[in-house]
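Scroll down for the structure; my scribbles are underneath it.
Atoms within a ligand are numbered from 1 in the order they appear, just like the ligands themselves.
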Amino acid sequence: MSISGIGMTSQRARARMLENLKVQGIADPLVLAAMNAIPRHPFLEESIQQRAYDDTPLPIGQGQTISSPYTVARSCELVCHGQMLERVLEIGGGCGYQAAVLSKLAKEVLSLERIAKLVGRARLTLRELRINNVLMKNVDGSFGFKAAAPYDAIVVAAAMPYLPDELKHQLKPGGRLVAPVGAGESQRLIVVEADANGGFTEKELESVKFVPLLSGVS
Ligand code: SAH
């Protein structure tokens, strides 16, 4: 497929993706604008780029997947609550797509990914798209990244068996965390909000399916 061919396909397909997101209930104009601003196909292997705007997870190599557009938009909406953010932490950076979407919703994004090959590719794609406010680190993000805390938002993109307290404590007062929690094949989406007095409010939302959080780097 020629580059211009991909361009046309991408514009039309992205418009359709946006319509789909709205039908599924994504309403935050900032999130919709961010999803519209970031092309999804450059994050994928050429052989599956044609499916880039379908509402489905897709393989990104190393046995991992990019989350569906709806899943990405939903978690962004849950942490943003209609506001622009200062600093966001993502755990499970994968191909860098969600970090790129978050780069339009925050001043700084720190994205942690345990697989070095994915980090290398994600960095290249982000550079090609001239996204300069995402820092990807090849580390195990199971317990967040305390050195750069606190964060306005923490987005976890891999299934956690349980939600560690350390992670909640890396939120600013008023900050929000969204994570798939559960040990089985499907998990529950959990949203935690930090209050001004060091307490937390936790809400359990819909059932979701994420790849598991693993420990160590590779
Ligand atoms: N947000 C990603 C989704 C990637 S899927 C995207 O837009 O592509 C989840 C990712 O979490 C995988 O790439 C996996 O390697 C990574 N992961 C799993 N356990 C991890 C851990 N402990 N620390 C950092 N990344 C982890």
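Contact annotation: for Glu90 versus ligand 1, heavy atoms closer than 4.0 Å belong to the side chain alone. Residue Arg114 touches ligand 1 through backbone and side chain together, judged by heavy-atom distances below 4.0 Å. When heavy-atom distances to ligand 1 are checked against a 4.0 Å cut-off, Thr65 comes that close only through its backbone atoms N, CA, C and O. For Ile66, heavy-atom contacts with ligand 1 shorter than 4.0 Å involve the backbone as well as the side chain.
For the pair Val139 and ligand 1, a heavy-atom separation below 4.0 Å is found. Heavy-atom separations between Pro212 and ligand 1 include at least one value shorter than 4.0 Å. Contact analysis leaves Ser215 out of contact with ligand 1, as no non-hydrogen atom separation drops below 4.0 angstrom.
Atom numbering of ligand 1 starts at 1 in the shown order; those under 4.0 Å from a heavy atom of Gly141 are 21 (C), 22 (N), 23 (N), 24 (C). Atoms of ligand 1 lying under 4.0 Å from at least one heavy atom of Val211, given by number and element, are 5 (S), 9 (C). Ligand-side atoms of ligand 1 in range of Leu118: 13 (O), range being under 4.0 angstrom from any heavy atom. Close contacts between ligand 1 and Leu213 involve ligand atoms 18 (C), 19 (N), 20 (C), 21 (C), 22 (N) [criterion: under 4.0 Å to a heavy atom]. Counting atoms of ligand 1 from 1 in the listed order, those under 4.0 Å from a heavy atom of Ser142 are 22 (N).
If you check which protein heavy atom lies closest to atom 13 (O) of ligand 1, you get Glu113 OE1, 2.7 Å. For atom 6 (C) of ligand 1, the nearest protein heavy atom (residue, atom name, distance) is Gly93 O, 3.6 Å. In terms of protein heavy-atom proximity, atom 14 (C) of ligand 1 is nearest to Gln64 OE1, 3.4 Å. The nearest protein atom to atom 7 (O) of ligand 1, hydrogens excluded, is given as Gln98 N, 3.1 Å; this is a heavy-atom distance.
When the side chains of ILVMFWY residues are joined at heavy-atom separations under 4.5 Å, either directly or via intervening members, Leu112 and Val178 end up in two distinct hydrophobic clusters. Taking hydrophobic clusters as Ile, Leu, Val, Met, Phe, Trp and Tyr residues chained together by side-chain heavy-atom distances below 4.5 Å, Leu118 shares a cluster with Ile66. Side-chain heavy atoms closer than 4.5 Å link hydrophobic residues (I, L, V, M, F, W, Y) into clusters, and following such links, even through other members, never connects Leu213 to Val79.
Residues Phe200 and Asp165 form no side-chain contact, since every pair of their non-hydrogen atoms from C-beta on lies 4.5 Å or further apart. Taking 4.5 Å as the limit, some side-chain heavy atom of Leu205 sits within range of a side-chain heavy atom of Leu78.
Taking only nitrogen or oxygen atoms, main chain and side chain alike, Asp140 reaches within less than 3.5 Å of ligand 1. Checked by distance only, ligand 1 and Ala157 stay at 3.5 Å or farther apart across all their nitrogen or oxygen atoms. Looking at ligand 1, you won't find any N or O of Ile115 less than 3.5 Å from one of its N or O atoms. Checking only distances, Gly92 does come within under 3.5 Å of ligand 1, N or O to N or O.
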Intermediate values then yes/no, side chain to side chain donor-acceptor pair (under 3.5 Å), Asp55 and Gln24: CA-CA 11 Å; Asp55 197 30; Gln24 290 181 87; 3.0 Å; yes
Run Ser75 and Gln98 through side chain to side chain donor-acceptor pair (under 3.5 Å) and show every step you take. CA-CA 10 Å; Ser75 46; Gln98 178 149 29; 3.1 Å; yes
Taking it one step at a time, do Glu86 and Lys172 satisfy salt bridge (Lys or Arg N to Asp or Glu O under 4.0 Å)? CA-CA 11 Å; Glu86 287 285 320; Lys172 284 184 192 169; 5.4 Å; no
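A salt bridge is absent between Arg16 and Glu19: the closest approach of a Lys/Arg side-chain nitrogen to an acidic carboxylate oxygen does not fall below 4.0 angstrom. A salt bridge links Arg74 to Glu206: one of the charged nitrogens lies within less than 4.0 Å of a carboxylate oxygen. A salt bridge links Arg121 with Glu45: the closest approach of a Lys/Arg side-chain nitrogen to an acidic carboxylate oxygen falls below 4.0 angstrom.
Side chain of Glu166 to main chain of Pro164: no donor-acceptor pair is present (N/O by atom type, distance under 3.5 Å, no hydrogens or angles).
Not less than 6.0 angstrom separates the ring centroid of Phe143 from the ring centroid of His169.
The heavy atom nearest to atom 19 (N) of ligand 1, considering only Leu112, Leu214, Asn138, is found in Leu214.
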